[in-house]
Number of protein chains: 2
Amino acid sequence: MAERKNNETSRDTVPDAVVSRLSLYLRELQHLIANDCETTSSTQLGRLLGFTDAQVRKDLAYFGQFGYPGIGYRCSELVGAIRKILGTDRSWPIGIIGVGNLGRALLGYRGFDQQGFEIAAAFDTVDDKVGQEFEGIRVYHISDLEKIVEKMSIKLGIIAVPGPAAQDVANLLVDAGVEGVLNFAPVTISLPDSVQLVGVDLAIQLEQLSFAVVNRATNS
Amino acid sequence: MAERKNNETSRDTVPDAVVSRLSLYLRELQHLIANDCETTSSTQLGRLLGFTDAQVRKDLAYFGQFGYPGIGYRCSELVGAIRKILGTDRSWPIGIIGVGNLGRALLGYRGFDQQGFEIAAAFDTVDDKVGQEFEGIRVYHISDLEKIVEKMSIKLGIIAVPGPAAQDVANLLVDAGVEGVLNFAPVTISLPDSVQLVGVDLAIQLEQLSFAVVNRATNS
DNA sequence: TAGATTGTTAATCGATTAACAATC
DNA sequence: TAGATTGTTAATCGATTAACAATC
């Protein structure tokens with residue numbers, strides 16, 4: 001069907017920045033749909049998010065042709081296309097390691113389900129927590145990680161343990177066979193290339209904000 | 001002291017990517033210090049974080065000269081310099097709006113204090129929560145926001161409310177006089193240019209991971 | 001001194017924007 | 001049809017890397 005050099009597996013590498021904008025497009029499109037918009041345009045999407053229209057079109061062009069010249073994009077169609085690109089057109093069972101404050105907050109976070117993520121199990125080492133349920137999610141002992149990961153087909157792991165334990169937990173997740181890790185611990189961890197890693201450090205986000213405030217006269 | 005075109009306020013705009021790497025350098029330096037390293041080098045820092053040595057030196061060069069040719073960087077000195085650049089050499093009183101799962105997790109998050117952030121007050125609209133304390137932090141009614149922000153010199157606000165309420169809360173924060181907002185709600189909010197905004201969407205982080213996993217054969 | 005490492009300039013690489021023919 | 005908007009190419013802009021004189 002599609003011409004060009006296309007060959008499915010030999011697609012050019014996509015910059016991270018493009019992928020994260022894709023998520024933003026998806027979020028805006030879902031809002032537009034909630035507000036009964038049937039179609040949108042690169043200009044509208046760009047205006048909503050502070051990007052140029054050219055950038056919106058270019059980003060989408062990495063993955064194919066989704067629009068209609070003279071018309072724009074059908075919102076629901078583009079949502080479907082982006083979810084397919086991101087891999088969220090199916091459900092991802094997730095395991096969370098660490099049932100402290102942050103872990104429990106993530107267990108209760110409603111935003112995940114809506115985007116195709118489903119927290120299947122939690123893990124901890126503290127006896128008082130193991131066997132309990134939080135937000136309807138059962139807490140297992142970390143020593144059962146491999147067994148449960150397999151049984152529940154868990155593909156992604158979220159690390160929500162203190163920094164010093166993070167690398168050990170990461171290793172256990174890799175051994176258990178997960179394919180991707182989201183790390184909330186404030187440390188750099190290293191994984192084999194075959195396992196994907198995304199890190200989120202909440203303190204770093206505040207540092208970015210602090211910098212922006214201190215330098216606001218200069219940079220905005 | 002410093003020559004060059006330098007004039008303090010006319011510094012070239014610093015790319016966001018540079019600022020976020022600065023936070024990573026800071027984190028690694030703190031680990032090095034914890035492990036009794038007195039000095040480090042651009043090569044070592046780069047290796048720890050997966051950057052080139054040239055990038056480390058170039059990033060720091062935006063802000064001044066912090067190293068010693070032939071020797072490298074004194075860790076504690078560079079930590080001090082980066083904290084000053086990021087504005088975390090002083091304490092930032094923070095207000096958190098929304099005391100649901102995520103808000104409470106942030107209230108209890110130990111990583112903030114260590115980096116110069118201090119959660120001073122929490123706000124909600126739910127009667128059962130107002131007046132309570134979580135993790136030693138008092139919850140006020142949102143209608144007291146302006147008063148408390150002034151009294152406690154709160155400069156940064158964290159939005160941890162559901163999406164539909166986020167823009168309203170943002171407006172209240174701006175009216176109350178905060179200078180920066182960290183938004184955890186999964187919506188795009190808009191603020192006057194005079195108020196800085198950083199957004200963190202947890203579902204988006206998982207989408208990035210999902211994309212990376214689905215495309216791992218191609219891009220890693 | 002010789003070896004190491006910085007700060008900085010120039011070269012390379014990649015990402016964003018502008019422009020426009022093709023299309024509805 | 002005229003107006004709108006796409007997908008895509010070429011031009012611009014910015015960020016990363018390589019190289020090296022200066023320095024300890």
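Everything numeric here is computed off the predicted structure, so don't read it as measured data. Lettering follows sequence order; numbering is per chain, from 1.
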Any side-chain heavy-atom pair of [X] and [Y] under 4.5 Å:
X	Y	value
A:Glu179	A:Gln196	no
B:Val214	A:Trp92	yes
B:Val198	B:Asn183	no

Considering just the side-chain nitrogens and oxygens of [X], establish if one lies under 4.0 Å of OP1 or OP2 belonging to [N].
X	N	answer
B:Gln55	D:dA18	no
B:Tyr73	C:dG7	yes
A:Thr52	C:dT16	no
A:Tyr62	C:dG14	no

Open item on the list: Please check if the number of heavy atoms outside B:Glu135 that lie under 6.0 Å from its CD is greater than 12.
Closed with: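 Atom CD in B:Glu135 is crowded, with more than 12 foreign heavy atoms closer than 6.0 Å.
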TODO: Please identify each residue that fulfils salt bridge (charged side-chain N to carboxylate O under 4.0 Å, His left out) with B:Arg83, with sequence neighbours left out.
DONE: none
Task: For A:Asp168, salt bridge (charged side-chain N to carboxylate O under 4.0 Å, His left out) partners two or more places apart - done: none
For the pair made of [atom1] in [X] and [atom2] in [N], what is the distance, rounded to whole Å?
X	N	atom1	atom2	answer
A:Leu78	D:dT6	CG	P	10 Å
A:Asp53	D:dT6	CG	P	8 Å
B:Asp59	D:dT17	CG	C1'	12 Å
B:Leu60	C:dT6	CG	P	9 Å
A:Asp16	D:dA15	CG	P	16 Å

Task: Base-contact (B) and sugar-phosphate-only (S) positions in nucleotides 19-24 of chain D, heavy-atom cut-off under 4.0 Å, - elsewhere - done: B---BB
Open item on the list: Can you list, in residue-number order, the parts of residues 35-47 of chain A that come under 4.0 Å of DNA chain C, counting heavy atoms only?
Closed with: none
Please write out the pairs of protein N or O atoms and N or O atoms of nucleotides 9-12 of chain C separated by less than 3.5 Å, giving the distance to one decimal.
none

Open item on the list: Considering every strand and a 4.0 Å limit on heavy-atom distances, what is the contact class for B:Phe51: base, sugar-phosphate, or nothing?
Closed with: nothing
Open item on the list: Per the side-chain hydrogen bond (donor to acceptor under 3.5 Å, both in side chains) rule, what does the pair list look like for residues 104-121 of chain A, sequence neighbours excluded?
Closed with: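 As it turns out, the side-chain hydrogen bond (donor to acceptor under 3.5 Å, both in side chains) pairs with a partner in residues 104-121 of chain A, which skip direct neighbours, are A:Gln30-A:Gln115, A:Ser91-A:Glu118.
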Task: Duplex segments of DNA chain C, taken as runs of at least three Watson-Crick or G-U pairs that stay under 3.5 Å - done: C:3-24 with D:3-24
- [ ] Could you name each residue pair satisfying salt bridge (Lys or Arg N to Asp or Glu O under 4.0 Å) that touches residues 27-41 of chain A, not counting sequence neighbours?
- [x] A:Arg27-B:Asp201
List in chain and number order the residues that pass side-chain contact (heavy atoms from CB on, under 4.5 Å) with [X], two or more places apart in sequence or in another chain; answer none if no residue qualifies.
X	result
A:Asp175	none
B:Pro162	B:Pro164
A:Ala120	A:Pro93, A:Met152, A:Ile154

Open item on the list: As a quick check of understanding, evaluate side chain to side chain donor-acceptor pair (under 3.5 Å) for B:Asn171 and B:Gln167, giving each step before the final call.
Closed with: CA-CA 6 Å; B:Asn171 296 342; B:Gln167 181 66 58; 2.9 Å; yes
Task: Closest-nucleotide ordering on DNA chain C, the 5'-leading residue of B:Gly67 and A:Arg21 - done: B:Gly67
TODO: Inspect the contact between B:Arg21 and B:Asp59 and indicate whether a charged nitrogen and a carboxylate oxygen are less than 4.0 angstrom apart.
DONE: yes
Side-chain polar contacts of residues 69-80 of chain A - donor-acceptor pairs under 3.5 angstrom, sequence neighbours left out - could you list them?
residue : atom : partner : partner atom : Å
A:Glu77 : OE1  : A:Tyr68 : OH           : 3.1
A:Glu77 : OE2  : A:Tyr68 : OH           : 2.5

